[in-house]
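Working notes, structure below.
Atoms considered below: every heavy atom in the structure, side chains included; atoms not considered: hydrogens, waters and symmetry mates.
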Amino acid sequence: MSAVSTRVRLLLLLFLLAAPAVAQTVPSAVWRRIDLPETGSHVWLYVPASLDRSQPAPLVVFFHGAGSSPFPYTGLVTGAAERAGAVVAMPRSSGLGWGTATDGRTVEETLRRVRAELSIDERRIALAGHSAGGAYACRLAYAGAEHSAVFTLASPYVPVSAVADPSYTPPVRMYYGTADPNYASSYPRLRAQWERLGVPWEEDVRPGYGHGDWPEASMEAGFLFLVGKSRPAKGCVATDTALCLHGRFRVEVSWQDFSGGTGAGRIVPIASGGSGLFWFFGPDNWELMVKVVDGCSVNGHHWVFAAATTNVHYVLTVTDTTTGRIARYENPLGVASPAITDTSAFPACP
């Protein structure tokens with residue numbers, strides 16, 4: 001057999017193993033495609049019809065299997081996501097599988113886009129995936145300090161040498177069908193790995209199911225597992241694009257200009273415990289001032305005040321890192337930004 005034909009057979013096998021058994025058609029009104037020109041990719045976004053938009057929502061980032069794409073999975077997770085009350089984002093990989101630098105940037109851009117549109121519970125950002133997507137979810141979850149839990153379906157073995165965040169270890173739930181080759185080859189090794197690393201894990205093993213099929217109840221149980229896990233509250237961590245006010249409130253802003261350019265507001269390095277400044281286009285061209293006021297003695301709330309000297313589109317997000325509650329403010333493109341005087345932004349006091 002030639003090397004070319006061997007490669008073709010291997011690629012075909014990967015595709016057959018990765019693709020779900022049922023690809024359902026989903027109404028475009030339920031799922032929405034968002035193009036990501038930054039990486040040449042796209043993401044499918046689902047927002048539950050029953051979502052309470054007054055509260056931060058749990059987010060599940062779901063990774064498709066190797067050789068597939070997000071859309072065939074949309075119909076397979078809709079019911080589970082609706083019952084769990086979870087926002088779902090399904091990005092597309094840059095190649096056959098997952099793991100390139102471009103994939104990492106796609107995930108970062110996915111999170112940025114979702115945060116700009118919705119109030120997301122930063123303590124409940126979970127990862128899930130099928131086959132190679134499940135392995136990638138494990139790699140990301142234990143290499144950083146952002147994710148709350150992992151749900152994998154038919155994942156191959158992926159080596160994880162250590163858990164990066166010593167303060168929190170995301171738990172993992174693993175689904176396998178006993179007719180799946182990965183059940184015999186990967187499942188025992190993953191169990192041993194999680195035990196060695198001290199990762200809490202659950203299993204869902206179904207007799208007779210293969211690599212690309214599962215009971216509807218398994219998907220639902222996996223999503224309920226994800227939304228039921230939450231990272232502990234942590235103080236605000238400042239970056240060059242995240243301002244921390246009173247050591248508790250994280251302030252971030254994203255913008256879009258008239259030519260379609262986008263970016264994140266950058267911090268003007270002026271020390272102040274309760275207020276701060278952002279620039280968009282240059283460090284000597286300040287665009288937005290934000291402050292959080294402790295109004296607990298007045299009306300039992302923390303207040304958000306802001307003023308901007310711009311008419312570009314921007315989204316200002318203020319997160320109470322103690323409670324996970326988010327206040328979001330948006331200015332449309334072409335409109336001179338009005339002052340923000342929200343005296344009921346955060347009800348949690350002190």
Side-chain angles (χ1 to χ4, degrees), residues 34-39 45 53-54 56 105 108-120 122 235-349:
I34 302 173
D35 290 329
L36 304 177
E38 297 83 358
T39 60
L45 179 66
R53 291 176 178 262
S54 68
R105 292 194 297 271
E108 292 174 359
E109 187 62 20
T110 293
L111 292 172
R112 188 183 74 81
R113 293 292 189 94
V114 175
R115 284 169 170 145
E117 290 194 19
L118 298 164
S119 176
I120 297 299
E122 297 295 323
C236 183
V237 177
T239 69
D240 60 348
T241 60
L243 179 69
C244 288
L245 302 182
H246 302 294
R248 169 176 174 177
F249 297 95
R250 184 175 66 246
V251 184
E252 299 164 292
V253 60
S254 60
W255 56 263
Q256 181 181 34
D257 63 20
F258 288 89
S259 64
T262 61
R266 301 282 175 170
I267 307 301
V268 177
I270 297 177
S272 175
S275 62
L277 293 162
F278 289 88
W279 60 268
F280 295 173
F281 309 109
D284 59 348
N285 181 15
W286 302 351
E287 302 283 347
L288 178 65
M289 187 274 284
V290 185
K291 67 178 179 178
V292 174
V293 178
D294 183 350
C296 291
S297 63
V298 179
N299 68 346
H301 286 69
H302 284 89
W303 308 347
V304 173
F305 288 179
T309 56
T310 186
N311 64 348
V312 302
H313 174 225
Y314 72 81
V315 176
L316 172 65
T317 304
V318 184
T319 303
D320 183 348
T321 60
T322 298
T323 66
R325 193 177 184 92
I326 294 175
R328 182 177 177 274
Y329 312 92
E330 184 169 3
N331 186 69
L333 187 67
V335 175
S337 176
I340 296 169
T341 56
D342 185 357
T343 58
S344 60
F346 296 100
C349 286

Is a donor on one side and an acceptor on the other found under 3.5 Å between the side chain of Thr319 and the backbone of Thr321?
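Not at all, since once roles are kept as given, no pair shorter than 3.5 Å links the two residues.
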
With a 3.5 Å distance limit and no angle check, can you tell me whether Asp294 reaches the backbone of Cys296 through a side-chain donor-acceptor pair?
yes

Looking only at heavy atoms, which two atoms of [X] and [Y] are closest? And how far apart?
X: Asn299; Y: Thr343; answer: ND2-O, 2.7 Å
X: Pro347; Y: His301; answer: CA-CD2, 3.4 Å
X: Arg328; Y: Leu118; answer: NE-N, 4.0 Å
X: Arg112; Y: Gly263; answer: NH1-O, 4.3 Å
X: Ser119; Y: Ile326; answer: OG-CB, 3.2 Å
X: Ile267; Y: Phe278; answer: CD1-CE2, 3.2 Å

Under-4.0 Å salt bridge between Arg113 and Glu109
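Judged by the 4.0 Å cut-off on N to carboxylate O distance, Arg113 and Glu109 do form a salt bridge.
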
So how far is it from [X] [atom1] to [Y] [atom2], rounded to the nearest 0.5 Å?
X: Thr262; Y: Asp257; atom1: OG1; atom2: CG; result: 8.0 Å
X: Glu252; Y: Arg115; atom1: CD; atom2: CZ; result: 6.5 Å
X: Ser337; Y: Glu330; atom1: OG; atom2: CD; result: 11.0 Å
X: Trp255; Y: His313; atom1: CH2; atom2: NE2; result: 12.5 Å

Distance-only donor-acceptor hits, side chain of residues 279-292, under 3.5 Å, sequence neighbours excluded:
unit_1, atom_1, unit_2, atom_2, d
Asn285, ND2, Glu287, OE2, 3.3
Trp286, NE1, Pro283, O, 3.1

Can you tell if the side chain of Thr241 reaches within under 4.5 Å of the side chain of Arg266, non-hydrogen atoms only?
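Yes. Closest side-chain heavy atoms under 4.5 Å.
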
Do Asp320 and Arg248 make a side-chain contact, defined as non-hydrogen atoms from C-beta onward lying under 4.5 Å apart?
yes

Asn331: partners by side-chain hydrogen bond (donor to acceptor under 3.5 Å, both in side chains), with sequence neighbours left out
none

Are Phe346 and Phe249 close enough that their ring centers fall under 6.0 Å?
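Between Phe249 and Phe346, which both carry aromatic rings, the centre distance is below 6.0 Å.
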
